[in-house]
Amino acid sequence: QVQLVESGGGLVQPGGSLRLSCAASGVIFSLYDMYWHRQAPGKQRELVATITTNGGTNYVDSVKGRFTISRDNVKRMVYLQMNSLQPEDTAVYYCYARRTFPSIDSWGQGTQVTVSS
């Protein structure tokens, strides 16, 4: 079972930056693809960024050029650096881990990001 704990959320003004962190425990972290999702009030949860076991990354179009996902396999951490934040980035951000073989996945509890002046 993967345990995931997010941190780093908060209130930031438009144009500001935040760095989210997700700490993983209980597993061989390097075998898991890692994801950041977000869910805004009244909206479905959406995939924001992906980083594979090989370090490949992918982003939803709305955050390309502003957000950067990274991982540290030694520390068992995944990060989401968020720059040029806008009010539409306001959401609860969730860390998600997935291993394909065997099929194992897990969600963190989420961290709130609010972008407002």
Side-chain angles (χ1 to χ4, degrees):
Q1 183 71 21
V2 184
Q3 289 85 44
L4 301 172
V5 178
E6 301 99 331
S7 61
L11 173 64
V12 62
Q13 292 187 341
S17 298
L18 282 175
R19 187 195 195 204
L20 304 184
S21 300
C22 174
S25 61
V27 294
I28 304 174
F29 179 72
S30 60
L31 298 180
Y32 286 75
D33 294 326
M34 299 299 298
Y35 308 78
W36 285 99
H37 289 73
R38 67 185 178 187
Q39 188 165 18
K43 295 188 177 181
Q44 289 188 331
R45 190 172 297 189
E46 69 166 346
L47 175 61
V48 175
T50 303
I51 186 163
T52 67
T53 56
N54 294 327
T57 60
N58 197 22
Y59 302 90
V60 68
D61 286 346
S62 60
V63 309
K64 285 181 180 177
R66 301 189 297 124
F67 289 13
T68 302
I69 188 171
S70 61
R71 66 189 294 162
D72 185 329
N73 288 339
V74 174
K75 294 182 179 180
R76 297 184 178 182
M77 298 289 293
V78 62
Y79 306 99
L80 186 67
Q81 178 67 45
M82 306 186 294
N83 299 327
S84 302
L85 283 162
Q86 301 301 318
E88 53 265 34
D89 295 315
T90 295
V92 178
Y93 283 72
Y94 297 90
C95 182
Y96 174 66
R98 187 179 72 174
R99 180 176 177 178
T100 304
F101 301 108
S103 179
I104 303 172
D105 67 353
S106 183
W107 291 91
Q109 83 289 351
T111 185
Q112 176 70 47
V113 171
T114 302
V115 185
S116 175
S117 55

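Both backbone and side-chain heavy atoms feed into the values below; hydrogens, waters and symmetry mates do not.
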(message) Using a 6.0 Å cut-off, check whether atom CG of Leu47 has over 12 heavy atoms from anything other than its own residue.
(response) yes
(request) Compare every heavy atom of Leu4 with every heavy atom of Cys95, then report the nearest pair and how far apart it is. (result) O-CD1, 3.7 Å
(message) Rounded at 0.5 Å granularity, tell me how far OG in Ser30 sits from CG in Asp72.
(response) 11.5 Å
(message) Test of understanding: with side-chain contact (heavy atoms from CB on, under 4.5 Å), list the residues that count as partners of Val12, not counting sequence neighbours.
(response) Leu18, Leu85, Val115
(message) If we ignore hydrogens and angles and just use 3.5 Å, is the side chain of Arg71 paired with the main-chain N or O of Thr52 as donor and acceptor?
(response) yes
(request) Treating Ile, Leu, Val, Met, Phe, Trp and Tyr as nodes and any side-chain heavy-atom pair under 4.5 angstrom as an edge, say whether Val27 and Ile51 lie in one connected cluster. (result) yes
(message) Donor-acceptor pair, distance only, cut-off 3.5 Å: does the side chain of Glu6 make one with the backbone of Gln109?
(response) yes
(request) Just jot down the side-chain hydrogen bond (donor to acceptor under 3.5 Å, both in side chains) partners of Thr114, sequence neighbours excluded, or say none. (result) Gln112
(request) Could you note down all residue pairs passing salt bridge (Lys or Arg N to Asp or Glu O under 4.0 Å) where residues 94-114 supplies at least one of them, sequence neighbours left out? (result) none
(request) Any pair with a residue in residues 53-84 that passes ring-ring contact (aromatic ring centres under 6.0 Å, His included), sequence neighbours left out, goes on the list, sorted by first then second residue, please. (result) none
(request) Using the rule that two of Ile, Leu, Val, Met, Phe, Trp, Tyr join whenever any of their side-chain heavy atoms come within less than 4.5 Å, decide whether Val63 and Tyr93 are in one cluster. (result) yes
(message) Could you measure the distance from the OG atom of Ser7 to the CE atom of Met77? Nearest 0.5 Å is fine.
(response) 6.0 Å
(request) Would you name the heavy atoms of Gly110 and Val92 that are closest together and state the gap between them? (result) CA-CG1, 3.8 Å
(message) For the CG atom of Leu80 and the CE atom of Met34, what is their distance to the nearest 0.5 Å?
(response) 11.5 Å
(request) Output all residues satisfying salt bridge (Lys or Arg N to Asp or Glu O under 4.0 Å) with Lys64, sequence neighbours left out; order by chain, then residue number. (result) Asp61
(message) Which residues pass the side-chain contact (heavy atoms from CB on, under 4.5 Å) test with Ser117, not counting sequence neighbours?
(response) Pro14
(request) Name all pairs fulfilling the disulfide bond (SG atoms under 2.5 Å apart) condition that reach into residues 37-82, sequence neighbours left out, sorted by first residue then second. (result) none
(request) For Lys43 and Gln39, work out which heavy atoms get closest and say how close. (result) O-NE2, 3.1 Å
(request) Among residues two or more places apart or on two chains, list those pairs meeting salt bridge (Lys or Arg N to Asp or Glu O under 4.0 Å) that have a residue in residues 83-92. (result) Arg38-Asp89, Arg66-Asp89
(request) For Ala40 and Ala91, work out which heavy atoms get closest and say how close. (result) N-CB, 3.8 Å
(message) Under the rule for side-chain contact (heavy atoms from CB on, under 4.5 Å), what residues qualify as partners of Gln44, not counting sequence neighbours?
(response) none
(message) Run the side-chain hydrogen bond (donor to acceptor under 3.5 Å, both in side chains) test against Gln81 and tell me which residues pass, sequence neighbours left out.
(response) Asn83
(request) With sequence neighbours excluded, give me every ring-ring contact (aromatic ring centres under 6.0 Å, His included) pair touching residues 16-36. (result) Tyr35-Tyr96
(message) Between Val5 and Trp107, is there shared hydrophobic-cluster membership here, with clusters defined by ILVMFWY side-chain heavy atoms closer than 4.5 Å?
(response) no
(request) Starting from the C-alpha separation in whole Å, work towards a yes-or-no answer on side-chain contact (heavy atoms from CB on, under 4.5 Å) for Met82 and Leu20. (result) CA-CA 8 Å; Met82 306 186 294; Leu20 304 184; 3.7 Å; yes
(request) Taking the side chain as every heavy atom from C-beta outward, state whether Ile69 and Val78 have any atom pair closer than 4.5 Å. (result) yes
(message) Could you work out, with side-chain hydrogen bond (donor to acceptor under 3.5 Å, both in side chains) as the rule, every residue matching Arg76, not counting sequence neighbours?
(response) none
